[in-house]
Structures are given as structure tokens and as C-alpha cells.
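Structure record follows, encoded as C-alpha cells.
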There are 2 protein chains.
Amino acid sequence: MMYKLWCIKSDRKGAGMLRYAILGMLGYQPMTGYGVKHAMDSSTGYFWHAKLSQIYTTLKQLEKEGAVSSAVERQATRPEKRVYSITDAGRRDLDEWLAAPLIGLDPRKETLLLKVFFSGRLDRETLLTNLHLQRELHRKQAELYRTHTAREIARAAAQNPAVAKDAMLWEATRRFGERLEDLMVNWLDETRRLVEENW
Amino acid sequence: MMYKLWCIKSDRKGAGMLRYAILGMLGYQPMTGYGVKHAMDSSTGYFWHAKLSQIYTTLKQLEKEGAVSSAVERQATRPEKRVYSITDAGRRDLDEWLAAPLIGLDPRKETLLLKVFFSGRLDRETLLTNLHLQRELHRKQAELYRTHTAREIARAAAQNPAVAKDAMLWEATRRFGERLEDLMVNWLDETRRLVEENW
DNA sequence: CGCACCATGTAATGCGTTACATGATTTT
DNA sequence: AAAATCATGTAACGCATTACATGGTGCG
């Protein structure tokens, strides 16, 4: 009988990608769990997010595995906090993941598309209204990326020239978000027109 | 003390969106679990998917709730099959969901963006290679939508004129997929250029 | 006075994947 | 002879959300 010789890869138990999102953040500087959450919400939020509870449990796992270490800090007025730092092992782990090419497309789940796909059962007017409603949401989001997000990135880059290379990539991801929202707006407009003219 | 008067909504236990994906498919015609899987893979696959195991369990739930009904059919050569049909209650449920506007943007998880975001730690050459690799994958996918998928939809519409309205919406979702892949290709090209010129 | 912010965790539950278990028929 | 298609399910596990549980500080 043959033994399993394939399946070389680490087969790590525990988190999937969140693990790397957290390691990436700790790669910039030590942070609390709460701080990681804040950092995510205000940077990767529009393409990667997590709840606090999951961040706390994942940090605990990462510590058990030796990818991060923590120290409790007492504070004058605020409650105690546990500050996490990335370890050398964690850095190796992160760098290995970054270097590995993505060999496929990640599977999408677009609720809007699912609805539109089956909307032949729906009445014309409700569909048009709903499409327009979504359009406005995406338009606002695009605007947010163009103004608020762009400013935040520029500010971070100006404050700390050491992150210039990082800021370039952050800006690239922001631009992706902006374009995706623009695409949504255009597609929704076009789809409304299609329905108006051919239903 | 106040009692909870809010929280009117149904609070249904069980599946999230998969439920509606299945009801939508059964809305076209009765099908087996295996058939639902096939239908999904060859239509909504690029924006909504599920594993067979999950489809079987969800169908069982839907039957318990009365949204679908099933009958076992014996076959000459093939194994027995359980054919599911949507019930009136299921149709109401589906229509209600279709009519309800999406009031937010669904949260995204884009692994590629996550990687790019943290790739300041990576070396220039590896990043460029990986970006190019992804570019090719997305280019191929865009091509698939333009040729294969477009043909399939046109064929379905030609075979059965009754689904003309549906086919229009199917084509709209296909076009979304095509554009999204085009966007990816363009963004990846632009990002590579950015890295080449400014790293 | 109330709300937002800072700060940490656990428990229960739901959603989704992988692995297990089976097996005939049809196509290449 | 091997692979794909047809066909059904269960069990274990991992990933993610919601709910539970707590409490001080600062601001308007």
C-alpha cells in the first residue's frame, strides 16, 4: 500500500486568510486586537474585514503557534491592554504567503447578481426601482473612495515617508475599489436601460 | 422595563442565500439535487455556487419548511432519484425575496487585493511575476464569458422563447462577469506598470 | 445625561467545505 | 482500461457571526 507522499504543504489548522491579514497589520507595528480591528476597518475594510471576536480568537491561535507574541500594558486611565507583536516565525510565514502566487480566481458571491438572475419572475417596476436604489449606493461608495479614502492614504504617506512603497500599493487597491464601484454604477444603468427598452 | 417590539422580521433558521438560489432554479422546473448543482455550475457559477453536500442538506431543510416537495422516481438504468419541486409557499418566499431591495453593499473578500496591499514587504520581481500570472487567469476567464457563456445563453433563449425575459437578465449577469474580468486585467496591467516605474 | 470610544474576552449557533461511503452506466 | 456522468446522502471540521458579559473615560 502506498503512503501519502503528496500533500507536502503545511496543512495548518486554524484560520485561513484572516491570519495573514492580521500578520500584515502587525508587520507595520505592534497593536492590540482592538487596534487590528480599527486598522482593518479603515484600510482593507472594503475588500477584507473581520469581527472583533474573530480577531481576538485568531490572535490567540497565532500566539499559540508562535507567529505573534503579546505583552499586557497597564494604562493610567484606560483599561489594561494586550499588545501583540509579530515574531520572526510570523514574519517568515507572512513573507512565504506573500510570495506564493494565487493559482486560481477566488469564488465570488454577489447577492445582487443572484437576485437579478432570477428577476424574470418579478414585476418590471419593482425591478427598476431596486436597480436604481443599488445604483445610488454604489455611486456614493465610489465617491467615498475618490475623496475620503484617497485623502487618508495621501496623509499616511506624507506623515511617514518610510511607507512610500506601501502607500503606492494601498493606493492601487483603493483605485481597484473605485473602479469596481464605477463598474457597478455603469452596469446598473445599462441593465435598467435594457429592462426599460426590452421588457 | 421595555419589551423587544422591534425585530419583526421572520428570523428564519437555516440557510442564507443558498435557499433562494435553489428556489430560483426550481422555479424554472423540477430538479434533483444533482440537477440543481449542475444548473448552478453552468449558469450562476461565476457569482454564486455551492457544493453538492450543502445543496442536499438545504433541500432537506426547505422540504421540512414546506417550500419544496419531493418525489422519488425509479429509472431503468440509472440509480433512483429524488425530484424536488417548488411549492406555492416556496414561490411566495422566493417572490418576496426578489421584491425586497438590497439595502447595503455586500461585503467583499478579495484575496488578491489583500496580498497586494501587504506586498511592500515582497521583492519587486516576485510581485511582478505574480501579478502577471493573475492577469493571464483573468484574461482567460473574460474570454470564456465572451465565447462559451454567451453562446450558452443564446442557445437557451433560442430553444425556448418563453424564457426570453429571463435570458435578457441572464445575459446582463454574463456581461457583468465579462466586465469585471476586463477590469481585473486592466487593473493588473496598470498596477504592474506602477510597480515597474515607481518601485 | 447619554453616546462614542477604549478594551477584552467566551459561548452558541450558523454557514460552508472536506472527507467518508457507495455504485452502475456511458464515453473515450 | 480509465474517466466522466449520474445519483444520494452523512459526519466532522473549519470559518464567521451574533449574542452574552463587563466597565471606565471623555465629550458634547
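Throughout, a chain's letter reflects where its sequence line sits, starting with A, and its residues are numbered from 1. The analysis underlying the following values was restricted to heavy atoms, covering all of them including side chains, and did not include hydrogens, waters or symmetry mates.
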Under-4.0 Å side-chain N/O to phosphate OP1/OP2 contact, [X] with [N]:
{"X": "Gln75(A)", "N": "dC6(C)", "value": "no"}
{"X": "Gln54(A)", "N": "dC15(D)", "value": "no"}
{"X": "Tyr56(A)", "N": "dG9(C)", "value": "no"}
{"X": "Thr32(A)", "N": "dT8(C)", "value": "yes"}

Report the distance from atom [atom1] of [X] to atom [atom2] of [N], rounded to the nearest whole Å.
{"X": "Gln61(A)", "N": "dA16(D)", "atom1": "CD", "atom2": "C1'", "answer": "12 Å"}
{"X": "Met17(A)", "N": "dC15(D)", "atom1": "CE", "atom2": "C1'", "answer": "12 Å"}
{"X": "His38(A)", "N": "dA7(C)", "atom1": "NE2", "atom2": "P", "answer": "11 Å"}
{"X": "Ile55(B)", "N": "dT17(C)", "atom1": "CD1", "atom2": "P", "answer": "10 Å"}
{"X": "Tyr20(B)", "N": "dC15(C)", "atom1": "OH", "atom2": "P", "answer": "11 Å"}
{"X": "Leu18(A)", "N": "dT17(D)", "atom1": "CG", "atom2": "P", "answer": "9 Å"}
{"X": "Lys37(A)", "N": "dG9(C)", "atom1": "NZ", "atom2": "P", "answer": "17 Å"}
{"X": "Leu62(A)", "N": "dC15(D)", "atom1": "CG", "atom2": "P", "answer": "12 Å"}

### Summary
Ordered by number, residues from residues 40-53 of chain B within less than 4.0 Å of DNA chain C (heavy atoms) are His49(B), Lys51(B), Ser53(B)

### Task
Give the C-alpha distance, both sets of side-chain angles, the deciding distance and a yes or no for ring-ring contact (aromatic ring centres under 6.0 Å, His included) between Trp170(B) and Phe47(B).
CA-CA 12 Å; Trp170(B) 302 342; Phe47(B) 60 82; over 10 Å; no

### Task
Name the residue closer to the 5' end of DNA chain C, choosing between Glu80(A) and Thr57(A) according to the nucleotide with the nearest heavy atom.
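Counting from the 5' end, the first nearest nucleotide belongs to Glu80(A).
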
Once ring-ring contact (aromatic ring centres under 6.0 Å, His included) is applied, what residue pairs with a partner in [range] remain, sequence neighbours excluded?
{"range": "residues 140-162 of chain A", "answer": "Tyr46(A)-Tyr145(A)"}
{"range": "residues 48-89 of chain B", "answer": "none"}
{"range": "residues 180-199 of chain A", "answer": "Trp187(A)-Phe176(B)"}

### Message
Quick check for you: among dT8(C), dT17(C), dA7(D), whose closest atom lies nearest to any side-chain atom of Lys81(A)?
### Response
dT8(C)

### Task
For the side chain of Lys60(B), starting at C-beta, report the closest nucleotide among dA7(C), dG9(D), dG9(C).
dG9(D)

### Query
Hey, is NE2 on His132(A) packed in by over 12 heavy atoms from elsewhere, all under 6.0 Å?
yes

Interface polar pairs with nucleotides 22-24 of chain D, N/O, under 3.5 angstrom:
{"residue": "dG24(D)", "atom": "N2", "partner": "Arg78(A)", "partner atom": "NH1", "Å": "2.7"}

### By side-chain contact (heavy atoms from CB on, under 4.5 Å) - contacts of Arg155(B) (at least two apart)
Glu152(B), Gln159(B)

### Message
Considering every strand and a 4.0 Å limit on heavy-atom distances, what is the contact class for Lys109(A): base, sugar-phosphate, or nothing?
### Response
sugar-phosphate

### Backbone of Val72(A) reached by a side-chain donor or acceptor of Glu80(A) within 3.5 Å
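No.
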
### Task
Decide, yes or no, whether a salt bridge links Glu143(B) with Arg146(B) under the criterion of side-chain N to carboxylate O below 4.0 Å.
yes

### Query
Does Glu136(B) pair with Arg139(B) as a salt bridge, N-O distance under 4.0 Å?
yes

### Query
Without hydrogens or angle criteria, can the side chains of Ser70(A) and Arg82(A) be said to hold a donor-acceptor pair below 3.5 Å?
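Looking only at side-chain atoms, Arg82(A) and Ser70(A) do form a donor-acceptor pair, the distance falling under 3.5 Å.
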
